[in-house]
Number of protein chains: 2
Amino acid sequence: MTKPHASDPRRTLTLRDVSEASGVSEMTVSRVLRNRGDVSEATRERVLEAARSLGYVPNKIAGALASQRVNLVGVIIPSLSNMVFPEVMTGISEVLEDTGLQPVVGVTNYSPEREEAVLYEMLSWRPSGVIIAGLEHTPSARAMLENAGIPIVEIMDIDGTPVDSAVGISHRRAGRQMAEAILAAGYRRIGFLGTKMPEDHRARKRYEGFVEALAEAGVELADQEFYSGGSALLKGREMTEAILKRTPDLDFLYFSNDMIGAGGLLYCLDKGIDVPGTLGLAGFNGVELLDGLSRKLATMDACRKEIGRRAAEIVAGKHEGIIGGEVVELTPTLEPGDTIRRV
Amino acid sequence: MTKPHASDPRRTLTLRDVSEASGVSEMTVSRVLRNRGDVSEATRERVLEAARSLGYVPNKIAGALASQRVNLVGVIIPSLSNMVFPEVMTGISEVLEDTGLQPVVGVTNYSPEREEAVLYEMLSWRPSGVIIAGLEHTPSARAMLENAGIPIVEIMDIDGTPVDSAVGISHRRAGRQMAEAILAAGYRRIGFLGTKMPEDHRARKRYEGFVEALAEAGVELADQEFYSGGSALLKGREMTEAILKRTPDLDFLYFSNDMIGAGGLLYCLDKGIDVPGTLGLAGFNGVELLDGLSRKLATMDACRKEIGRRAAEIVAGKHEGIIGGEVVELTPTLEPGDTIRRV
DNA sequence: CTGAAAGCGCTAACAT
DNA sequence: ATGTTAGCGCTTTCAG
């Protein structure tokens, strides 16, 4: 076997190298590098100088194993490509920045199996906490979350039973609220346009709440249309054309997200359809991205950034009084924009 | 001191727990869980059963320390919120999926200092490779990359000197190419609209290439306008209004990205400006997101997904023949869309 | 095919 | 203020 710390030039530097270069014990070097414990200014300088000139980068793997502490927070989300999760991430990052914790993102593509795998992988790094989208998980994933022994925050949705803490909105209620606003504005021939995603439980709950509230007013969905894949804007356009062709007397279209809603709006403007007179439109999410369209689509803000912030605060233990099991319900606000008739 | 493995119910499970539960040595348990070495079918079963029923999740921290191997690839990008990097991520993920490697994302918000900090943090976890956007880094960051002793791939841009490997396009050339196409179509009074981001070197290089190529044809930029922050679509609209008010005889607007370009296009359509007759428009990126506008904006595909794929392949060592220092130049294609006059 | 011993690079806990 | 010792939980290596 080779001597310990043989002069292999490709080996990465260790604390020991810094210790030797500075003539200070490994332990003291460690203290300096972590700003822990009292170290004289003189030795601190020498150590930092040595570390810098060698280009030493601490090995967190060893540090984490020894200290049983990992400054990582796992964040598990379905997708990065729809504008909603990046905003959640922004909220999370903002809060974690001052805590020494670092978010690590995993993406599931709305697949429960993938979610389970990503979670397993993450937990195997023993993070300090997990923030995960949604309340629906495989039994196995749920068991892992329950047994992880760290703060777990399920985000976006509160219609269900969380493993530990939850921060989000009631999508069922959001759907109801939109239905009520639409009915109040006098629309009655209402169509729904959404995604073909059985695993998007939040969209599903909005749909259910929407239909429920219509039913209570004795109104049934006049038609519906679903899509999957492709550019959402374009799909919104195509679906709108299709549903209007099939059911020309619709007076309102409720889209399950703002992007397809915007596509629908653009279609209507191109066709010279009177919005919101002849046809009202609404989406969901409140994506700032779309500010700049000629007409502002009615929508409902999903409190994305705030959800990220609150979840991060819980993981970071900013609510010392509470041990966990906190449920934070945020209230989305309806933004009527220019596509619902004012009454 | 407490006994080793005292019955603390909150302690996370170790290999030893599985070993005891299955009556097999830790070593053999480890072999089963990693599918390494020969293990009889009988013991394999027993071990897996024990691990499953206990809910054991391996500790990768310990594993990584012992094996000196980490299946993580650091990916450092400026932003998640502009549609270009999520696509790069998709390419990376697709390739890494079959390699056992896992991407870990760090975001710099276009700040060199933040980039340095994120890189340091990442390297301290000893990843198997790093994929990082751009060729411009702080001296300290560059030194870290050079000394990391792992594959480094700088992506998006190849106008410069890479630390190790690089995959991207020449933004300078992309700018030139667009200028040439615009000139060829007969436009002469050309305005530029971009972001106020000194650290977005790729946008800067496109601008430089663009201006250079104009100069060679004896044409100067007639006007320019810069923005920062806010909804890109809206900003594009506002900037377009501003620049046209100031310099009404412009016959072409070159936008530094598709989102502000789309804002400009919407503005022109609203105002009834004849596009591309009176005024031509072009952006950059080729974001699929915008398919669905009434008119397709001229743009240039930045090969985002392909860049991600190629970078991941290099990190994963799929090009065994080559030791590193590979530079892959991709060629963006001009998509004239409906906003440049056909000649 | 299975097991025992020896660390990986660091830090907690205890000296001094 | 600084040093010493003993692991953290796993895998490598070497014996059976």
Side-chain angles (χ1 to χ4, degrees), chain A residues 1-6 8 10-48 50-51 54 56-71 123-126 149, chain B residues 1-6 8 10-47 50-51 54 56-71 123-127 149:
Chain A
M1 193 170 141
T2 59
K3 276 191 305 194
H5 290 258
D8 171 1
R10 303 201 61 76
R11 174 182 61 80
T12 72
L13 269 17
T14 72
L15 218 41
R16 169 126 144 210
D17 298 300
V18 181
S19 164
E20 285 171 358
S22 62
V24 174
S25 77
E26 284 185 46
M27 197 53 235
T28 300
V29 172
S30 168
R31 281 195 268 252
V32 171
L33 265 23
R34 286 177 299 147
N35 284 313
R36 280 239 195 315
D38 295 325
V39 181
S40 76
E41 195 48 44
T43 56
R44 149 171 266 96
E45 288 296 321
R46 271 204 296 160
V47 168
L48 287 176
L54 291 176
Y56 172 71
V57 177
N59 186 328
K60 289 220 182 192
I61 297 173
L65 184 59
S67 67
Q68 306 281 59
R69 241 190 303 275
V70 179
N71 70 334
L123 290 180
S124 73
W125 287 101
R126 301 290 187 266
Chain B
M1 193 165 136
T2 59
K3 275 190 307 193
H5 290 257
D8 173 0
R10 303 201 61 77
R11 175 184 59 81
T12 72
L13 269 18
T14 72
L15 217 41
R16 169 126 143 210
D17 297 299
V18 181
S19 162
E20 284 170 359
S22 62
V24 176
S25 78
E26 283 185 44
M27 196 51 237
T28 299
V29 172
S30 168
R31 282 196 266 253
V32 171
L33 265 22
R34 284 176 301 145
N35 284 313
R36 282 240 195 311
D38 295 324
V39 181
S40 75
E41 194 49 43
T43 56
R44 149 171 267 97
E45 288 296 323
R46 270 205 296 160
V47 169
L54 291 176
Y56 171 71
V57 177
N59 184 328
K60 288 220 181 193
I61 297 174
L65 184 60
S67 67
Q68 306 280 63
R69 241 189 302 276
V70 178
N71 70 334
L123 289 180
S124 74
W125 286 101
R126 300 290 187 270

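Model, not experiment: these values are computed from the prediction. Reminder, nothing fancy here: chain letters follow the sequence lines and each chain counts from 1.
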Per the salt bridge (charged side-chain N to carboxylate O under 4.0 Å, His left out) rule, what does the pair list look like for residues 30-47 of chain B, sequence neighbours excluded? none
How many whole angstroms separate atom CD of Glu20(A) from atom C1' of dG9(C)? 14 Å
Starting at the 5' end of DNA chain C, which residue's closest nucleotide do you reach first, Thr28(B) or Leu65(B)? Thr28(B)
Got a sec, which residues hit side chain to side chain contact (heavy atoms under 4.5 Å, CB included) with Ile61(A), two or more places apart in sequence or on another chain? Asn59(A), Ile61(B), Ala64(B), Leu65(B), Val70(B), Trp125(B), Arg126(B)
To the nearest 0.5 Å, tell me how far Gln68(A) CD sits from Thr12(B) OG1. 7.5 Å
Give the rounded distance in Å between these two atoms: CG of Asn35(A) and P of dA1(D). 14 Å
For Tyr56(B) and dG9(D), is the shortest distance between a side-chain N/O and OP1 or OP2 below 4.0 Å? no
Selection residues 56-69 of chain A - residue pairs positive for salt bridge (charged side-chain N to carboxylate O under 4.0 Å, His left out), sequence neighbours left out: Lys60(A)-Glu121(B)
What closest approach, in Å, do Ser22(B) and Ala50(B) show between heavy atoms, and which atom pair accounts for it? CB-CB, 3.8 Å
Correct closest heavy-atom pair for Val47(A) and Leu33(A) would be CG1-CD1, 4.1 Å
Kindly give the heavy-atom pair with the smallest separation between Val18(A) and Val29(A), and that separation in Å. CG1-CG1, 3.7 Å
Approximate separation, where rounding is to 0.5 Å, of Ser30(A) OG and Met27(A) CE: 4.0 Å
Could you tell me how far apart Lys60(A) (NZ) and dC8(C) (C1') are, to the nearest whole angstrom? 19 Å
What's the angle between the local helix axes at either end of the helix from dC1(C)-dG16(D) to dT16(C)-dA1(D), using five pairs per end and rounding to 10 degrees? 30°
Would you say a side-chain N or O of Ser25(B) is under 4.0 Å from OP1 or OP2 of dT2(C)? no
Mark up nucleotides 11-16 of chain D, 5' to 3', with B wherever a protein heavy atom is under 4.0 angstrom from a base atom, S wherever such an atom reaches only the sugar-phosphate, and - elsewhere. BB----
So if I take residues 38-48 of chain A and measure heavy-atom distances to DNA chain C, which residues fall below 4.0 Å? none
How many whole angstroms separate atom CD1 of Ile61(A) from atom C1' of dG9(D)? 13 Å
d(CZ, Arg11(B); P, dC8(D)) in whole Å: 11 Å
Rounded to the nearest Å, what distance is computed from the CG atom of residue Leu13(B) to the P atom of nucleotide dC8(D)? 15 Å
Given dG7(C), is OP1 or OP2 found less than 4.0 Å from the side-chain N or O atoms of Gln68(B)? no
